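Report on the structure given below.
All figures in this text were calculated on a predicted structure; none of them were measured in a lab. Order of the sequence lines fixes the chain letters, A, B, ..., with proteins taken first and strands second; residue numbering starts at 1 for each chain.
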2 protein chains.
Amino acid sequence: MSLSDTNSWKGIRTELLRRIHDRIWQPGEQIPHEADLAEEFGCARTTVNRALRDLAQSGLVVRKRRAGTRVALNPPQRATLTIPIIREEIEALGHTYRHSLLERDLRPLPPVLHGAFQVTLGADVLFLKTLHFADDRPYAYEERYINLEAAPEARDLAFDRISANEWLVHNAPYTHGDLSFFAVNAGDNLSRQLDAAEGTALFAMERITWSADLPITHVRLIFAPGYRMRTEI
Amino acid sequence: MSLSDTNSWKGIRTELLRRIHDRIWQPGEQIPHEADLAEEFGCARTTVNRALRDLAQSGLVVRKRRAGTRVALNPPQRATLTIPIIREEIEALGHTYRHSLLERDLRPLPPVLHGAFQVTLGADVLFLKTLHFADDRPYAYEERYINLEAAPEARDLAFDRISANEWLVHNAPYTHGDLSFFAVNAGDNLSRQLDAAEGTALFAMERITWSADLPITHVRLIFAPGYRMRTEI
DNA sequence: TAAGATAATATGCATGCACATATTAACGTG
DNA sequence: CACGTTAATATGTGCATGCATATTATCTTA
């Protein structure tokens with residue numbers, strides 16, 4: 001059975017996609033009901049449903065009960081980013097990974113983070129500064145706060161062998177998080193660490209993760225000059 | 001029926017998620033077969049299948065025929081970014097949107113783009129420079145190339161009322177594209193357009209879209225200082 | 001006629017079943 | 001014992017059916 005056969009849900013999806021791309025069904029226009037499509041394609045309604053659900057998930061059609069299915073007016077430009085573990089990203093590029101722990105101590109959470117990262121007032125958090133290398137060239141600079149209430153074992157770990165990121169991924173899985181991307185100028189410290197001219201624009205990522213209501217970690221990663229985060233859509 | 005009931009596929013998903021988060025099923029470990037889970041939850045295998053498919057899509061479990069389902073070793077740091085139409089993004093923030101077309105002409109494709117954006121050799125492309133404003137403050141600067149072979153009607157459009165982005169979304173839908181994010185320093189031109197000090201780090205996005213094999217447009221958007229692209233994971 | 005009750009309808013979902021397909025394990029055979 | 005064949009098995013998918021649920025259209029009733 002080939003993919004273009006219309007009697008598999010993927011085949012039906014392909015055909016529906018074609019009709020949308022070829023503007024046979026215009027944006028905003030209502031498309032036939034599941035039952036009608038099922039009859040047309042000579043398959044069960046379930047199968048059409050599967051195809052339509054898939055299109056709805058990718059945002060190409062909008063579905064509402066009773067109201068029917070219509071082609072999305074503004075196909076959301078939705079992209080799935082895969083944020084790799086730095087070591088894996090570097091090794092995938094064929095380079096050798098290593099990291100160096102620049103700093104590790106317990107300290108109160110800095111006031112700027114009080115809003116976003118609500119740990120028990122006055123409790124110390126574990127602070128880590130790490131530099132990630134690819135073939136001995138600096139790749140990314142990391143500043144991380146770990147909530148010891150969420151990961152008490154972290155207090156006794158050095159994080160010189162395994163990186164905090166990898167340890168946390170395996171030992172304190174999160175349920176949800178916030179992620180943001182932005183640009184920063186290399187200041188005094190960053191330019192030294194990342195071997196960049198002072199003032200260079202650097203790509204940065206900030207992430208906070210929670211396990212249910214408990215914040216786990218706040219991490220800010222700043223990449224060496226030239227870094228691009230890519231994806232396909 | 002509440003979400004936590006185990007006899008709906010979402011309820012089952014919730015329960016499976018709990019077992020993964022609580023490390024009842026460890027990363028890398030194989031979890032029971034669909035049939036066993038169906039029996040345990042007292043539902044049809046199809047329903048368990050639906051829940052597992054959903055978990056697989058979000059990357060939390062890895063499924064292979066015959067081999068079974070196992071908890072992902074490296075829980076995917078996968079994030080879905082929604083790249084909004086700028087006008088909608090600005091209006092959603094409660095600001096007034098307007099844009100101004102700074103430049104519009106036909107020209108050959110610049111050599112740097114020959115690799116990524118393969119239009120017929122020697123053919124002119126439509127070049128647009130646009131500045132997007134939120135409440136009369138510059139919000140983003142856009143440089144765009146449109147392949148006239150993919151969207152011939154664009155040749156006769158002024159793009160002073162409707163933005164090229166919105167027009168293309170509605171009139172030349174793409175099948176796939178490449179997207180990347182990076183940081184740039186504000187040069188002479190950018191600092192003037194975006195009202196930023198020279199050298200300021202700016203967040204930038206580049207996107208190329210195709211309809212099947214035909215390139216449609218190449219766009220580079222550079223945002224005013226302070227811009228953050230956010231998402232939840 | 002406006003507001004509220006009621007019916008109609010499209011999608012959402014669960015079930016039981018059958019068969020397809022990929023992958024691994026077991027088995028022969030040279 | 002290496003290698004190719006075959007069987008076993010877990011997931012993938014399709015179908016017919018029935019009921020659930022959200023939303024709209026229609027029909028009351030004051």
Side-chain angles (χ1 to χ4, degrees), chain A residues 1-17 19-20 25-73 75-76, chain B residues 1-17 19-20 24-73 76:
Chain A
M1 189 195 307
S2 91
L3 265 182
S4 58
D5 276 345
T6 48
N7 64 336
S8 91
W9 74 269
K10 286 186 183 180
I12 290 174
R13 182 185 58 181
T14 307
E15 171 59 14
L16 300 178
L17 264 172
R19 296 188 187 179
I20 293 170
W25 293 328
Q26 307 261 332
E29 187 180 334
Q30 192 159 341
I31 75 177
H33 307 147
E34 292 187 350
D36 292 355
L37 289 170
E39 194 183 0
E40 180 192 341
F41 293 127
C43 69
R45 190 172 72 88
T46 321
T47 310
V48 173
N49 181 280
R50 185 84 197 277
L52 283 174
R53 261 195 292 126
D54 191 84
L55 290 180
Q57 172 158 25
S58 72
L60 255 138
V61 301
V62 179
R63 318 194 71 197
K64 253 167 49 181
R65 279 193 185 167
R66 159 73 204 184
T69 303
R70 45 186 68 238
V71 180
L73 262 179
Chain B
M1 187 194 307
S2 91
L3 265 181
S4 59
D5 276 346
T6 48
N7 64 335
S8 93
W9 74 268
K10 285 188 183 179
I12 290 175
R13 182 185 58 182
T14 307
E15 172 59 15
L16 299 179
L17 264 172
R19 295 189 188 178
I20 293 171
I24 293 171
W25 294 328
Q26 307 262 331
E29 186 180 334
Q30 191 159 340
I31 74 177
H33 309 147
E34 291 188 350
D36 291 356
L37 289 170
E39 193 182 2
E40 180 191 341
F41 293 127
C43 68
R45 189 172 73 89
T46 320
T47 310
V48 173
N49 180 280
R50 186 87 152 66
L52 284 173
R53 260 195 291 127
D54 192 84
L55 290 180
Q57 171 158 23
S58 73
L60 252 133
V61 301
V62 178
R63 318 195 71 196
K64 254 169 46 182
R65 280 191 185 167
R66 159 73 203 184
T69 304
R70 45 186 68 238
V71 179
L73 261 179

Does a distance-only test, which skips hydrogens and angles, find a donor-acceptor pair under 3.5 Å between the side chain of B:R50 and the base of C:dG12? no
Under 3.5 Å between N/O atoms: give me all the protein pairs with nucleotides 7-9 of chain D, atom names plus distance.
{"unit_1": "D:dT9", "atom_1": "O4'", "unit_2": "B:R66", "atom_2": "NH1", "d": "2.7"}

Output all residues satisfying side-chain hydrogen bond (donor to acceptor under 3.5 Å, both in side chains) with B:R70, sequence neighbours left out; order by chain, then residue number. B:Q30
Ionic contact status for A:R50 with A:E34, cut-off 4.0 Å: no
Output the rounded distance in Å from CZ (B:R45) to P (C:dC19). 14 Å
Please give, in whole Å, the distance from D:dT24 P to A:R70 CZ? 10 Å
Between B:T46 and C:dC13, is there a contact of a side-chain N or O with OP1 or OP2 at under 4.0 Å? no
Can you sort out the partners of A:D54 under side-chain hydrogen bond (donor to acceptor under 3.5 Å, both in side chains), two or more places apart, ordered by chain and number? A:R13
Distance check: side-chain N/O of B:S8 vs OP1/OP2 of C:dA14, anything under 4.0 Å? yes
Strictly below 4.0 Å: does A:T47 bring a side-chain N or O up to OP1 or OP2 of D:dC15? yes
Provide, to the nearest angstrom, the distance between the CG atom belonging to A:L52 and the P atom belonging to C:dG12. 8 Å
With sequence neighbours excluded, residues passing side-chain hydrogen bond (donor to acceptor under 3.5 Å, both in side chains) with A:Q57: none
B:F41 CZ to C:dT15 C1', in whole Å, measures 17 Å
Between C1' on D:dT13 and CZ on B:R65, what's the gap in Å once rounded to a whole number? 8 Å
Mind calculating the distance between NZ (B:K10) and P (D:dT21) to the nearest angstrom? 13 Å
Which value, rounded to the nearest 0.5 Å, describes the distance between A:L52 atom CG and A:L60 atom CG? 11.5 Å
Side-chain N or O of B:T69 less than 4.0 angstrom from OP1 or OP2 on D:dA10? no
Restricting to side chain to side chain contact (heavy atoms under 4.5 Å, CB included), what partner residues turn up for A:A67, sequence neighbours left out? A:K64
Separation of A:D54 atom CG from D:dT13 atom P, in whole Å? 10 Å
To the nearest angstrom, the CG-P distance between A:N49 and D:dG14 comes to 12 Å
Hits for side chain to side chain contact (heavy atoms under 4.5 Å, CB included) against B:E40, two or more places apart or cross-chain, chain-then-number order -> B:R19, B:L37
Please confirm whether any donor atom in the side chain of A:R63 sits under 3.5 Å from an acceptor in the base of C:dT11, or the reverse. no
